[in-house]
Amino acid sequence: MMQTKALWEQAIRCQQHGHMAEAERLCEQLIAGDPRHPLARHMLGTIRAFQGRHAEALALMRFAVRAVPDDATAHFTIGNTLLALGRPEEALPSLDRAIKLAPRHADVLNSRGVALDRLKRQDEALASYERALALAPGHVFAHFNRANLLQFLARHDEALAGYDRVLALAPRHAGARNNRGWALFNLGRLDEALADFRLAAQIDPAEHGARLNQGFAHLLRGDFAQGLPLYEYRKRLAAPLDAPAFAQPVWTGAEDIAGKTLLVHHGQGIGDLLQFHRYAVAAARRGAHVKLAVPSGLTRLLESHSDMLEMVSRAPEVFDYHAALMSLPLALGATVDSITDSGRQLAAEPARKARWAERLQAGDGCTIGVAWAGKHDMGKRFAPEALAAIAAMDGLRL
């Protein structure tokens, strides 16, 4: 017993002084001697969570909390671990339990806000962040999370003020600097946004999103020469866009593709596909046989635009080069003055138009569907209430 007590006290000292490897070794030794040692399991679970070994951390902490059910820290760690595992609906009860045991714990309130946000309960999430900040006005993470949520809600002026508060507390917070740029971007203040994106990339060179955002700003200003190369940083994000792994080489525009087969793939939104598929036609005009991979539901519509493309629903096995659809403007050297002519427009088939005309004439009014947010929401949504005047028109149903 004395040896166990001495080992535990040594483990505590190691953890307090940041000697985590030694604390980990001591906890493992304690658990080997007493598999039901709750405190050692608790500490080891915390270490495993810090190491990113979340499944192991969860098992250890759940054992510990059964032995010590009123330990707020254990419930908090379980909640955070479940958040890291992408399970916010399971995390929330643990975080609620931690709040009951420690109602003035700002860290728990912040994590609770994250869980609620991921569960699309934004009003409750905002309230949780604000409770955390009432207790700890200098809580950087709560300020940052609150500002991000305000950005998502398209409350860009408030989000901007929130990022300013984060940067006052942590001037080298690359995420806040980058997201502040997005708030400015959404407010139409492009020069200021671009300055923030550049600063974020300087603070953290691995912040590829900041370079991608610079690309967006340049493109919106019509500066394709700078914008298109920076737009390629989307392929370096933690969750890359348009970057499938193929054995065949990428077509950069420099290679002669006359007589070659070019696979053009697309991993972004349908709106982008409809706007940019004309660049696949431009590639075909260079003599390539272009196979454009599109969702099967769009094949007939896109075939109305050009007979120079072969529509495929998935990547074929045989082709010479591949390119992301959204990289074709760069490969083709697009500028504002040379935006590819779309040629003939997308068109509905006459038989389908006739069927819809009959349906509309037979019905009582017109039903309109509205897409009000893109696949990758950067706070660009508008309030549904903005459609009220249209919804009030006679004969229309939104």
Minimum-distance pair of heavy atoms, taken over all atoms of Gln214 and Ala201: NE2-CB, 3.8 Å

Indicate yes or no: at least one non-hydrogen side-chain atom of Arg189 is less than 4.5 angstrom from one of Leu160. yes

Is there a side-chain contact between Leu309 and Leu302 (heavy atoms, below 4.5 Å)? no

Heavy-atom closest pair, residues Cys14 and Leu26: SG-CD1, 4.0 Å

Minimum side-chain heavy-atom gap Val281-Arg285 below 4.5 Å: yes

Between Phe216 and Phe185, what is the ring plane arrangement, given parallel below 30°, perpendicular above 60°, and tilted in between? perpendicular

Do Val114 and Leu85 land in one hydrophobic cluster if side-chain heavy atoms of ILVMFWY residues count as linked below 4.5 Å? no

Residue Lys260 excluded, over 12 heavy atoms near NZ under 6.0 Å: no

Counting C-beta onward and ignoring hydrogens, is there a side-chain heavy-atom pair between Asp107 and His139 closer than 4.5 Å? yes

With a sphere of 6.0 Å drawn around CZ of Phe63, does it hold more than 12 non-hydrogen atoms of other residues, nucleotides or ligands? yes

Answer yes or no: is there a donor N or O on one side and an acceptor on the other, between the side chain of Ser338 and the main chain of Ala334, under 3.5 Å? no

Between Asn145 and Asp117, do the side chains contain a donor N or O and an acceptor N or O under 3.5 Å apart? no

Between Arg172 and Asp204, does any NZ, NE, NH1 or NH2 come within less than 4.0 Å of an OD or OE carboxylate oxygen? no

Any side-chain heavy-atom pair from Lys291 and Phe319 closer than 4.5 angstrom? no

With a 4.5 Å heavy-atom cut-off, do Trp8 and Lys5 have their side chains touching? no

Looking at His266 versus Phe276, is the centre-to-centre ring distance below 6.0 Å? no

At their closest point, which heavy atom of Ala315 faces which heavy atom of Leu263, and how far apart are they? CB-CD2, 3.7 Å

Assess whether salt bridge (charged side-chain N to carboxylate O under 4.0 Å, His left out) is satisfied between Glu90 and Arg118, documenting all intermediate values. CA-CA 12 Å; Glu90 296 176 60; Arg118 293 182 186 175; over 6 Å; no

Hydrophobic clustering (ILVMFWY, side-chain heavy atoms < 4.5 Å, transitive) - are Leu7 and Met43 grouped together? yes

Least distance between heavy atoms, Arg131 atom then Ile99 atom: NH2-CG2, 4.1 Å

Given the rule in the side-chain contact (heavy atoms from CB on, under 4.5 Å) test, do Val370 and Ile390 qualify, once you have shown the distances and angles that lead to the verdict? CA-CA 11 Å; Val370 179; Ile390 299 174; over 6 Å; no

Other residues, nucleotides, ligands: >12 heavy atoms within 6.0 Å of Gln275 CD: no

Between Leu325 and Leu273, does the side-chain contact (heavy atoms from CB on, under 4.5 Å) criterion hold? Intermediate values first, please. CA-CA 8 Å; Leu325 177 66; Leu273 174 58; 3.6 Å; yes

Apply the hydrophobic cluster definition, ILVMFWY joined by side-chain contacts under 4.5 Å directly or through others, and give me every member besides Leu199. none

Is the side chain of Asn213 donor-acceptor paired with the backbone N or O of Gly209 at a distance under 3.5 Å, no angle test? yes

Any side-chain donor near an acceptor of the partner, Gln29 and Arg25, under 3.5 Å: yes

Arg300 and Arg352: CA distance, side-chain angles, deciding distance, side-chain contact (heavy atoms from CB on, under 4.5 Å) verdict: CA-CA 11 Å; Arg300 290 169 68 178; Arg352 284 185 152 189; 3.2 Å; yes

Heavy-atom count around Arg53 CZ within 6.0 Å, excluding the residue itself: above 12? yes

Would you tell me whether Arg234 and Ser327 have side-chain atoms, one donor and one acceptor, within less than 3.5 Å of each other? yes

Taking a hydrophobic cluster as the set of Ile, Leu, Val, Met, Phe, Trp and Tyr residues connected by side-chain heavy atoms closer than 4.5 Å, whether directly or through intermediates, do Val264 and Val294 fall within one such cluster? yes

Side-chain heavy-atom pair Arg146, Leu150 within 4.5 angstrom cut-off: yes

Out of curiosity, Leu301 CG to His277 NE2, how far, rounded to the nearest 0.5 Å? 7.5 Å

Can you measure from CD1 (Ile257) to NE2 (His289) and round to the nearest 0.5 angstrom? 12.0 Å

Keeping His218 on the side-chain end and Gly215 on the backbone end, is there a donor-acceptor pair under 3.5 Å? no

Evaluate Val250 against His322 for side-chain contact (heavy atoms from CB on, under 4.5 Å), listing each step before the verdict. CA-CA 5 Å; Val250 173; His322 72 93; 3.4 Å; yes

Gly113 to Ser128 - nearest heavy-atom pair and separation: N-OG, 3.5 Å

Closer than 3.5 angstrom, by distance alone: can the side chain of Ser111 be matched with the main-chain N or O of Val108 as a donor-acceptor pair? no

Is Phe76 reachable from Val65 through a run of hydrophobic residues whose side-chain heavy atoms are each under 4.5 Å from the next? no

Nearest 0.5 Å please: distance from the CZ atom of Phe197 over to the CD atom of Glu192. 11.5 Å

Let me confirm one number: the CZ-CG distance from Phe224 to Leu219, rounded to the nearest 0.5 Å. 6.0 Å

Could you state whether Leu60 and Leu82 fall into the same hydrophobic cluster, counting links through intermediate Ile, Leu, Val, Met, Phe, Trp or Tyr residues with side-chain heavy atoms under 4.5 angstrom apart? no

His75 and Asp96: side-chain donor and acceptor closer than 3.5 Å? no

Pair Glu24-Gln51, side-chain donor/acceptor within less than 3.5 Å: yes

Kindly compute the distance separating CG (Leu298) from CG (Leu274), expressed to the nearest 0.5 Å. 6.0 Å

Name the orientation class of the two ring planes belonging to His265 and Phe246 (parallel below 30°, tilted from 30 to 60°, perpendicular beyond 60°). tilted

For Ala323 and Leu262, work out which heavy atoms get closest and say how close. N-CD1, 4.1 Å

Are side-chain heavy atoms of Leu153 and Glu158 found at a separation under 4.5 Å? no

Are the side chain of Arg41 and the backbone N or O of Pro35 linked by a donor-acceptor pair below 3.5 Å? yes

Atom CZ of Arg48: over 12 foreign heavy atoms under 6.0 Å: yes

Assess whether a salt bridge exists between Asp71 and Arg97, defined as any Lys/Arg side-chain N lying under 4.0 Å from an Asp/Glu carboxylate O. no

How long is the straight-line distance from CG of Leu169 back to CZ of Phe144, given to the nearest 0.5 Å? 13.0 Å

